[in-house]
Structure formats: C-alpha cells, structure tokens
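What follows is a set of notes on a single structure, which appears directly below.
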Amino acid sequence: MALERLYVELERPLYNVVYRWVWNADDAMEVVQEAFLRVWRARHRVEPTTARAYLYRTALNLAANRRRANRVRSFVGLGERAELPSDQPAADALLGGEADRRRVRRAIDGLPEKLRRVVALTELAGLSYKEVAAVLGIPAGTVASRRSAALAKLRETLDE
Amino acid sequence: MSELFEDLAPPSGGLQRLRARMEEERSPRRLSWLPALAGAAAVALLLVWPRPAPAPRWSAADHPALARYGYELPTDDGVRAGAQTAVRQDGSRFYWVSPTRPPAAAP
C-alpha cells in the first residue's frame, strides 16, 4: 500500500520535525499518526505527487495546534504532559543532559514560527529548498533566506 | 549546532498503530449511531408523552351532562346570580350558577 510505504519512509523525519514543536514523544507520535490518517482520509483528493508536501504541511499545522493546546493546558494549571516511560530511550535523553536539553529547546522555541518551519524542514527532515517551498507555499529564495536567518538566530542564542 | 538537529528515533510500533486506526475507520460503525438515536427518541417521547386530557367544560346548568360525568348535582335551587358554589369530584372543581336571578331582597 502506497501510504504504508510513505509511512515507513517519512515517519522518522516527520517525528523529528514534530518533536521540536511538542517536546514530548507521545504527542509527537500522535501528531505523526494523525497527519497520516488525514492524508489517508483525503486520499481521493490528494495527488500522489503532492502527498509528501500535504503530509508535511498537515503535520506542521497539527504540531502547532498541539503546542498551543499544551501551552493553554500549562497556563490553566493542568501542566504539560510528562514523558511517559517506554521501551525506547526517551527522546530527551538522546538530546544530552538536562542543561543541554534546555539550551536546545530554548534556542528552537525562540525562533519565530516561520523560521522554525523552514529550519526544521531543511535540517531535520532533509528537504531541499524546492521541496520546502512546495510544503510552505513560498518561493525557494525565501526558503534560503529564512534558513540563513534561522541558523544565525540559533547560533546567537546558543552563544549567549 | 549539531545537538540542535540530532536525529531521534520514533517509538516503535507506529506502522502497526496506523494500520489499526485505518482498519478501525474502514470498518462500518454499526452501532455508533445508537446513542444518538436513543437520545433523539427520549426527547421525542418527552415531547409527545400523552398528557391527561383537559377536563371537559360544560355549563353548570347542564344537569344531564353533570350526571353523565358522575358529578353530584346541586341540591338547592342555585345561588344568587354572581355567587358561586363548588361541586367537587376527584380533586377537580367547577362552579355553577343558577340561570335564574332570584327576586331581589326587600330593602
């Protein structure tokens, strides 16, 4: 099945992108799954050639929504979802110690949304400028300039 | 910068979960409409629930009708026009008024 092949191919890059929005392994997995389900539900309308772009765009939007919802939960005192134990090493653990994890998260969270989308798709998903342009609906030149701006801001934050 | 873009492995079993969810959506939801139907039926039942018919209205002077429906008939000749007296049966009550005005009392 085409969607399953696409899942095998794109699960990891999508997970890596989405994780940098929600900072929680279970939330990230849920978002990735939901993005694929939406593509599957819209399979009669989505062209196979645009399925990847649709998938990334859907996942980014879902991740942004989840992030907002988590912030609201946190604001009203329900707290953010804790990292649940699993048989896999926690994603945060792979990002080094607690101090490093906070530094990384602060740097990425500090990026404006449109810069973050570009840098996540180029650096984490490994998409070309042309592919990112198709996902975000912006010119490839804008992708390049936003990527440069994002990397500069990340360097600046990490050097602080 | 490399720590920013470290490659993370997703939790295992993602494809199986996706298959299960797709299968769940594919299968007809035979009973998913049942709670909605039950709710709608309950509301409809409340709206059309048979209420007791309103008590029939007759003229208090219609003695045959009073007798037909089992009310006790007034035993006196009626009260003065404008005055009322009650005839009761099973918690309901109606009033009757004599159709004839009694002669005016002498001053």
Side-chain angles (χ1 to χ4, degrees), chain A residues 1 3-8 10-20 25-26 28-37 39-41 43 84 86-97 100-101 103-108 111 119-120 122-126 150-151 154-155 157-159, chain B residues 1-58 69 84 86-95:
Chain A
M1 189 183 180
L3 190 72
E4 291 189 2
R5 280 200 302 275
L6 204 58
Y7 188 89
V8 171
L10 296 183
E11 182 196 30
R12 193 171 182 125
L14 271 171
Y15 174 82
N16 270 278
V17 168
V18 167
Y19 184 83
R20 268 65 175 203
D26 290 317
M29 264 319 272
E30 270 184 50
V31 167
V32 170
Q33 295 257 321
E34 183 59 31
F36 273 94
L37 274 178
V39 172
W40 181 70
R41 286 181 201 130
R43 60 194 178 280
L84 297 174
S86 73
D87 53 348
Q88 292 280 329
D92 284 348
L94 293 175
L95 289 175
D100 281 351
R101 188 181 70 80
R103 250 177 84 239
V104 165
R105 182 170 176 172
R106 189 165 59 89
I108 295 177
L111 286 177
V119 83
T122 55
E123 309 308 309
L124 293 165
L151 292 177
L154 286 172
R155 263 187 224 105
T157 310
L158 290 176
D159 288 344
Chain B
M1 291 289 278
S2 62
E3 71 265 32
L4 283 174
F5 308 119
E6 191 172 350
D7 186 37
L8 307 175
S12 58
L15 185 57
Q16 284 72 28
R17 273 176 63 193
L18 182 69
R19 279 184 187 143
R21 289 180 71 178
M22 287 196 300
E23 192 55 42
E24 191 182 313
E25 293 210 6
R26 235 187 240 126
S27 60
R29 298 175 188 174
R30 291 196 184 97
L31 296 178
S32 63
W33 45 267
L34 200 57
L37 179 67
V43 170
L45 205 58
L46 282 176
L47 290 177
V48 302
W49 188 261
R51 295 190 179 88
R57 295 175 182 175
W58 323 278
Y69 287 100
Q84 297 175 333
V87 178
R88 298 181 186 193
Q89 186 203 37
D90 296 337
S92 62
R93 171 186 297 193
F94 72 93
Y95 298 91

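Throughout, protein chains are lettered first and strands after them, A, B, ... in sequence-line order, and every chain is numbered starting at 1. Keep in mind that the numbers below use all heavy atoms, side chains included, and drop hydrogens, waters and symmetry copies.
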What distance separates [X] [atom1] from [Y] [atom2], expressed to the nearest 0.5 Å?
{"X": "A/Gln33", "Y": "B/Arg17", "atom1": "CD", "atom2": "CZ", "value": "4.5 Å"}
{"X": "B/Met22", "Y": "A/Arg41", "atom1": "CE", "atom2": "CZ", "value": "11.0 Å"}
{"X": "B/Glu25", "Y": "A/Trp40", "atom1": "CD", "atom2": "CH2", "value": "5.5 Å"}

Interchain contact, A/Val8 with chain B, by part (heavy-atom threshold 4.5 Å): side chain
Contact class of A/Leu3 relative to chain B, heavy atoms under 4.5 angstrom: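 Side chain only.
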On a heavy-atom basis, which atom in [X] and which in [Y] lie closest, and how many Å separate them?
{"X": "B/Ala9", "Y": "A/Tyr15", "result": "O-CE2, 3.7 Å"}
{"X": "A/Glu11", "Y": "B/Gly14", "result": "OE2-CA, 3.7 Å"}
{"X": "B/Pro11", "Y": "A/Met29", "result": "CD-CG, 3.3 Å"}
{"X": "B/Leu15", "Y": "A/Tyr7", "result": "N-CE2, 3.4 Å"}
{"X": "B/Phe5", "Y": "A/Arg20", "result": "C-NH2, 3.9 Å"}

Pairs touching residues 31-45 of chain B that satisfy salt bridge (Lys or Arg N to Asp or Glu O under 4.0 Å), sequence neighbours left out: none
Listed partners of B/Arg19 passing salt bridge (charged side-chain N to carboxylate O under 4.0 Å, His left out), at least two apart: A/Glu4
